[in-house]
Protein chains: 2
Amino acid sequence: MDVKTLCLGILSRGDATGYEIRKQVAEGPFSHFFEAGYGSIYPALGKLLESGLVACREQSQDSRPDKKVYSISTNGRLALIDALSAPAAPDRVRSQFLFTTFFAHLLSARQVERLIAERLAWYCESVERMERCSETVCTAERPAGERFTHGLGLTVYKAAAQYLEDHGHELVAEALKLERMDAAD
Amino acid sequence: MDVKTLCLGILSRGDATGYEIRKQVAEGPFSHFFEAGYGSIYPALGKLLESGLVACREQSQDSRPDKKVYSISTNGRLALIDALSAPAAPDRVRSQFLFTTFFAHLLSARQVERLIAERLAWYCESVERMERCSETVCTAERPAGERFTHGLGLTVYKAAAQYLEDHGHELVAEALKLERMDAAD
DNA sequence: CTCTACATGTAATAAGTTACATGATTGC
DNA sequence: GCAATCATGTAACTTATTACATGTAGAG
C-alpha cells in the first residue's frame with residue numbers, strides 16, 4: 001500500500017490532478033490515515049501512467065496554469081482491487097508525541113504543559129478538519145466504507161483527546177514534583 | 001525522531017543489547033507507537049557508538065553467542081533531551097486497514113467479513129500484548145509518563161475495537177446488498 | 001504589495017525494509 | 001528432529017522527504 005495505490009484509490013472516486021490528490025490527502029477524507037506530498041504523488045502518477053493504470057489529458061486554462069487531469073483505467077481498477085485484496089499489512093505508526101510523553105520525566109514542567117496543550121489543540125484541529133469533510137463523505141449516496149473509515153477516525157481522535165483531558169494533569173503534576181525535588185537539592 | 005533517538009530512549013532506562021532493544025520495540029512498552037527491525041537498530045547503534053552517544057562492552061557467554069551490551073553516555077542523555085525538546089513533529093500514520101475499509105465496496109462480502117474479523121483479533125492481541133507489559137510499566141516506581149503513554153495506547157485500541165464491534169456489520173451489510181444487486185443483473 | 005491558492009515537476013538525500021549470511025542451544 | 005530463542009551484522013533495494021525551480025492571479 002504505497003502512494004501509487006493511494007492515487008489509484010483517489011482516482012477511482014473521480015478524475016483529479018496531482019494537486020487535487022494532494023489536497024485530498026492533506027485535508028480530505030484520507031488525511032487521518034495517509035500522508036503524501038507532491039514529491040511522492042507526482043512521481044507515482046508518472047509511474048502509473050507508464051504502466052497504463054491511469055490515463056492523462058492535458059487541460060489548458062486561462063488565468064491558471066495548465067493542468068494534467070488523470071483518470072483511472074480498467075487495468076487500474078483491477079490493480080486497485082488486487083491491492084485491496086492483498087493480506088492485511090499492519091498499520092505503520094510512529095508517534096513523536098507518545099515517545100516524548102514516555103520520557104516526560106526528562107523535561108521541565110513548562111515543556112510538559114506545552115506538549116499536552118499543543119496536542120490537545122492538534123486533536124481539536126483534526127476533528128474540525130474531519131468534520132469539515134463529513135458532508136461529502138457521510139451522505140447516503142457514498143459507500144458505507146467511507147462513513148465507516150471516517151467514523152473510526154473521529155472516534156479514535158475523540159477518545160485520545162478525552163484521555164489527555166483526563167490524565168494530562170498527572171504528567172504535569174509529576175514534572176512539578178521533580179522540579180521541587182531538584183530545587184531542594 | 002528516528003531509530004537512533006529510539007535507541008537512546010531505551011538505553012536511558014537501562015543497558016541493553018541490540019537484540020533486547022528490538023524486543024522492547026516489538027513486544028514491550030514501545031510497540032504501539034514505534035516500529036524498528038534489526039536492519040535499522042544495529043546500524044543506528046553503530047552510528048551512536050561512532051558519535052560517542054553510547055558506549056559498548058562485549059560480553060562472552062557460555063552456551064550463548066557473545067553479545068554487545070550498550071549503555072548511554074552523558075552526551076547521549078543530553079542528545080536525548082535535545083530530541084525530546086524539539087518542536088513536536090506530527091505523528092506518522094499509514095493504515096492499510098483504513099484504506100481498505102474506505103474502498104470496501106470494491107470487495108466481496110466474504111473479504112469484508114474477514115477484514116473486520118482479522119482486525120478485531122489484531123486489536124485483542126495488541127491489548128493483550130500491552131497488558132502483558134503493564135506490570136513493568138504501570139507501577140508507582142516508574143515515571144508517570146510511562147503509565148500515561150501506555151494508558152493512552154490502550155484507550156485508543158479499545159475505542160477502535162468497540163467501534164468495529166458497533167459498526168462493522170454495516171460494512172458487511174452493504175457488501176451483501178451489493179452482491180445481491182450484482183446477482184440480479 | 002503581500003499572501004494564498006493554483007499548478008507541476010526534479011534532484012539530492014535520508015531513511016528504512018528485506019533479504020542474505022551464520023550458528024549454538026533449549027525445549028517439545 | 002524441529003521450531004523457537006538468542007545474537008549480530010551487511011548489502012541491495014525501495015521509498016519517501018526536502019529542497020530546489022518557476023510562474024500567474026486574485027483577495028485583502
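Residue numbers start from 1 in every chain, and the chains themselves are labelled A, B, ... in the order their sequence lines are given, proteins ahead of strands.
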TODO: Among the candidates D:dA16, D:dT10, C:dG9, find the nucleotide nearest to the side-chain atoms of A:Val3.
DONE: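 Within the option list, the nearest is D:dA16.
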
Task: Side chain of B:Pro43 - closest among D:dT8, D:dT10, C:dA7 - done: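 Of all the options, the side chain of B:Pro43 is nearest to D:dT10.
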
Task: D:dC6 OP1/OP2 closer than 4.0 Å to side-chain N/O of B:Thr17 - done: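 No, no such contact exists.
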
Open item on the list: Taking 4.0 Å as the cut-off, does a side-chain nitrogen or oxygen of B:Ser40 come that near to OP1 or OP2 on C:dA15?
Closed with: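 No, because none of the side-chain N or O atoms of B:Ser40 sits under 4.0 Å from OP1 or OP2 of C:dA15.
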
Would you mind reading off the distance between [X] atom [atom1] and [N] atom [atom2], rounded to a whole angstrom?
X       : N      : atom1 : atom2 : answer
A:Ile41 : C:dT8  : CD1   : P     : 11 Å
A:Tyr38 : D:dT22 : OH    : P     : 18 Å
A:Glu35 : D:dT18 : CD    : P     : 10 Å
A:Glu58 : C:dA7  : CD    : P     : 14 Å
B:Lys67 : D:dA7  : NZ    : C1'   : 9 Å
B:Lys47 : D:dT10 : NZ    : P     : 11 Å
B:Tyr42 : D:dT8  : OH    : P     : 4 Å
B:Asp2  : D:dT15 : CG    : C1'   : 16 Å

Open item on the list: Once you apply a heavy-atom cut-off of 4.0 Å, does A:Phe34 come out as touching a base, just sugar-phosphate, or nothing?
Closed with: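 Here A:Phe34 touches no strand at all.
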
TODO: Mind checking B:Gly18 for me? I need base, sugar-phosphate or nothing, with any heavy atom below 4.0 Å counting as a touch.
DONE: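 Contact class for B:Gly18: sugar-phosphate only.
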
Relative to each other, are the rings of [X] and [Y] parallel, tilted or perpendicular (30° and 60° limits)?
X        : Y        : answer
B:Phe97  : A:Phe148 : perpendicular
A:Tyr157 : A:Trp122 : perpendicular
B:His150 : B:His32  : perpendicular
A:Tyr19  : A:Tyr38  : parallel

Task: Heavy-atom check, side chain of B:Ser71 versus side chain of B:Arg57, under 4.5 Å - done: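 A side-chain contact under 4.5 Å exists here.
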
- [ ] May I ask you to decide if B:Ile41's main-chain N or O and B:Arg22's side chain share a donor-acceptor pair within less than 3.5 Å?
- [x]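 Judged by distance alone, no pair lies under 3.5 Å.
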
- [ ] Enumerate the residues from residues 19-30 of chain B whose closest heavy atom to DNA chain D is under 4.0 Å, giving them by residue number; use none for an empty result.
- [x]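 DNA chain D contact set from residues 19-30 of chain B: B:Tyr19, B:Lys23.
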
Where is the tightest heavy-atom contact between [X] and [Y], given as atom of each residue plus distance?
X        : Y        : answer
B:Lys68  : B:Cys56  : CB-SG, 3.7 Å
A:Val137 : A:Pro29  : CG2-CB, 3.6 Å
B:Val112 : B:Ala175 : CG2-CB, 4.1 Å

Task: Contact list for DNA chain C against residues 78-101 of chain B - heavy-atom distance below 4.0 Å - done: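 Under 4.0 Å from DNA chain C: no residue of residues 78-101 of chain B.
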
